[in-house]
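Reading through the structure tokens given below for one structure.
Numbers restart at 1 for each chain; the letters A, B, ... are given by sequence-line order, proteins then strands.
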Amino acid sequence: MSNNQNALQIVDLRAGYDASDVLHGMNLYVGANERVGLFGPNGHGKTTLLNTISHVIKPRAGRVCFMGEAIDGLAPQKIVARGLVHVPQANRLFPDMQIMETLELSAFTPRARAEMKANLDYVLELFPRLAERRRQQCKTLSGGERQMLSIGVGLMCAPRMLMLDEPTLGLSPKLKDELAEAIAEISSRGIPLLLVEQDIAFILSLVDRMYLVDHGEISREINRSAEVDHQEIMDMYFGSGAHDHG
Amino acid sequence: MIMVDMLSAILVSGIVLGSGYALMASGLSLVWTTLGIFNFAHGVLMTLGAYVAWTISSGGGLGLGLAAGVAVTVAALIGAGILIERVVVRPFYDHRDILLITVMTTLAAMIFLQNGIQLIWGARLKQLAPIVPGTVQLWRTTISAQETLMIVLAPIVLAALWLFLSRSRIGRGIKAVGQNADAARLIGIDVSRLFIITFALSALLAGLTGVLLGSVRLLTPEFGSEPLVKALIIVIFGGLGSLGGTIAAAYLLGIIEATLTFFIGIYWTPSMIFLLLIVVLLFRPQGLLGKVVR
């Protein structure tokens, strides 16, 4: 389970806000080329976990290794520069910037700038709607367009691994399908994924393996090969007497 | 003909005023737009710039000439801007009341620097030698060549600032940080480095204004106080978060001030300007070109 081939390895990670701990020692890994899901109710630390990995929040204890190297002491921009890219939840991006401006700016680190042309072509091919609206300002975009742009921005950072935080939040089923297709296409290029989602069907359609998050800890790991059906997961997770959700 | 002379006099002196205001207020506006704080030490940075230039260049100081004066001022002001950011702003970035806290800390820095200037240079009035001597006839009105230089230089400096912000990587990064610092961080922008650059740039603009105005007005430790108040009015008047609005408001206020001074005199003009600001804010709370929500 723990080896240097893993894209991401997290050991006993603790973090929180002010006086309260949100993550009580998280342990998980994402293998090379693996797609891993994080599932669990709101307020149980999924977003905090991603924020701590990308160092928007400072970890209180524990280790985060990316491609075999510790990154838990690095500033956010250095983590992006290494290729671990976090697409945050409901990102409102840069309200007064146009789509193209935003995408070009997002190739900010030296490595991303070197790949800018190719990545820009890829993003516009993946999301033709962004190409159509290239002069439109971020603040005027619809929820779906904004989500596409958020992922596009992540791709412009030249990711070696992507962490997506609820990319389908508030979207229609049709848009969810479109995004699922795009995300599957991205990961088919060999980019490992860590995907946070509330939509169990969406997450199961995309990942190889998934973790259930409960009160700031990993409560269970589920392999895709185990063929767990949706109802079973829901029962396991929210079912009778398993946990006290006071 | 008298009518034309009068109009010319008002317009020319209005544009001279507006040029100084635009240089001064753009620095203040840049810091507001990027960091979301008001730097009340912005005026005293202008004073500092003028005094440093005086010390290096004039006969009463080291007498090294104007070029040396400007060069040292540029370096000193960049340093002063960075120092203010480090000492009185940086410790509070993570604090949710950063706006209120930095009102106090930058005011404290202002008082500290103003008294420091008084201590070092004394209260005796000083004046910089003009960069260009002589007078110029401009559309039937005679003004000093130094004021003409300001009229010419201000749009050049502001255009350079605009180009930097809209075309360069760092400049675009500064705009991004102002619009959403968290999202900027996640695309690999070193936010705190851009905060420092913003402060240095803003201080540089203040210092430049000081050098230009230091030969038109007399230097005292309070040299930058009135321009700071005007710059604050302009940034609010033009609309918070809009550099274009700030620049437009600077020239507009310059012309309005010149007009009022001509017709009602200098005693009533400041109060009338505040009245105008209140009226504008009653009908357009976001200012002339400001956004409704920052």
Side-chain angles (χ1 to χ4, degrees), chain A residues 17-18 47 50-51 53-58 74-98 100-113 116 119 137-139 146 149-150 152-159 162-165, chain B residues 29-30 32-36 90-98 162-198 238-246 286-287 289-294:
Chain A
Y17 306 89
D18 300 327
T47 295
L50 295 201
N51 281 334
I53 296 171
S54 56
H55 214 270
V56 173
I57 299 172
K58 288 187 181 71
L74 294 182
Q77 71 271 8
K78 300 223 165 99
I79 292 173
V80 178
R82 288 184 178 211
L84 180 54
V85 175
H86 174 189
V87 176
Q89 191 183 92
N91 193 355
R92 61 180 185 93
L93 292 160
F94 310 112
D96 295 327
M97 275 193 203
Q98 296 169 356
M100 276 310 249
E101 230 180 323
T102 306
L103 289 172
E104 281 168 14
L105 177 77
S106 302
F108 199 85
T109 67
R111 202 171 50 82
R113 242 177 310 151
M116 179 163 106
N119 286 337
Q137 289 185 319
C138 294
K139 66 180 168 204
R146 193 166 306 182
L149 184 57
S150 294
V153 159
L155 290 173
M156 292 306 293
C157 298
L162 265 182
M163 302 191 289
L164 303 176
D165 195 350
Chain B
S29 178
L30 187 64
W32 167 263
T33 311
T34 311
L35 288 91
R90 171 149 308 224
F92 310 107
Y93 280 141
D94 291 333
H95 205 290
R96 65 174 73 92
D97 293 325
I98 181 168
W162 181 82
L163 272 177
F164 169 72
L165 288 175
S166 58
R167 294 277 174 273
S168 79
R169 204 170 70 91
I170 299 292
R172 285 176 166 194
I174 287 174
K175 277 168 70 181
V177 168
Q179 291 177 31
N180 189 345
D182 287 333
R185 233 169 240 126
L186 291 179
I187 59 171
I189 293 179
D190 186 345
V191 172
S192 76
R193 188 168 138 253
L194 294 199
F195 279 168
I196 293 173
I197 293 175
T198 304
L240 293 171
S242 160
L243 192 59
T246 298
Q286 71 273 35
L289 297 177
K291 288 137 200 138
V292 181
V293 185
R294 199 186 86 85

Heavy-atom pairs under 4.5 Å with chain B - which of A:M97, A:Q77, A:H86, A:E101 has more of them than the others?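 With the most close heavy-atom pairs to chain B, the winner is A:Q77.
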Between CZ of B:R185 and OG of A:S54, what distance do you get to the nearest 0.5 Å?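 Output value for this atom pair is 10.5 Å.
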A:F108 versus B:R169: any side-chain heavy-atom pair under 4.5 Å?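 A side-chain contact under 4.5 Å exists here.
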Could you check whether any side-chain heavy atom of A:R92 comes within less than 4.5 Å of a side-chain heavy atom of B:Q179, counting everything from C-beta outward?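 No, side chains not in contact.
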So which of A:L105, A:T102, A:T109 actually passes side-chain contact (heavy atoms from CB on, under 4.5 Å) with B:I187?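 With B:I187 as partner, A:L105, A:T102, A:T109 yield a single side-chain contact (heavy atoms from CB on, under 4.5 Å), made by A:L105.
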Quick check: does any side chain N or O of B:N180 sit under 3.5 Å from a backbone N or O of A:L93, one acting as donor and the other as acceptor?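 Checked: pair present.
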Shortest non-hydrogen contact from B:L186 toward A:P88: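 The answer is CD1-CG, 3.5 Å.
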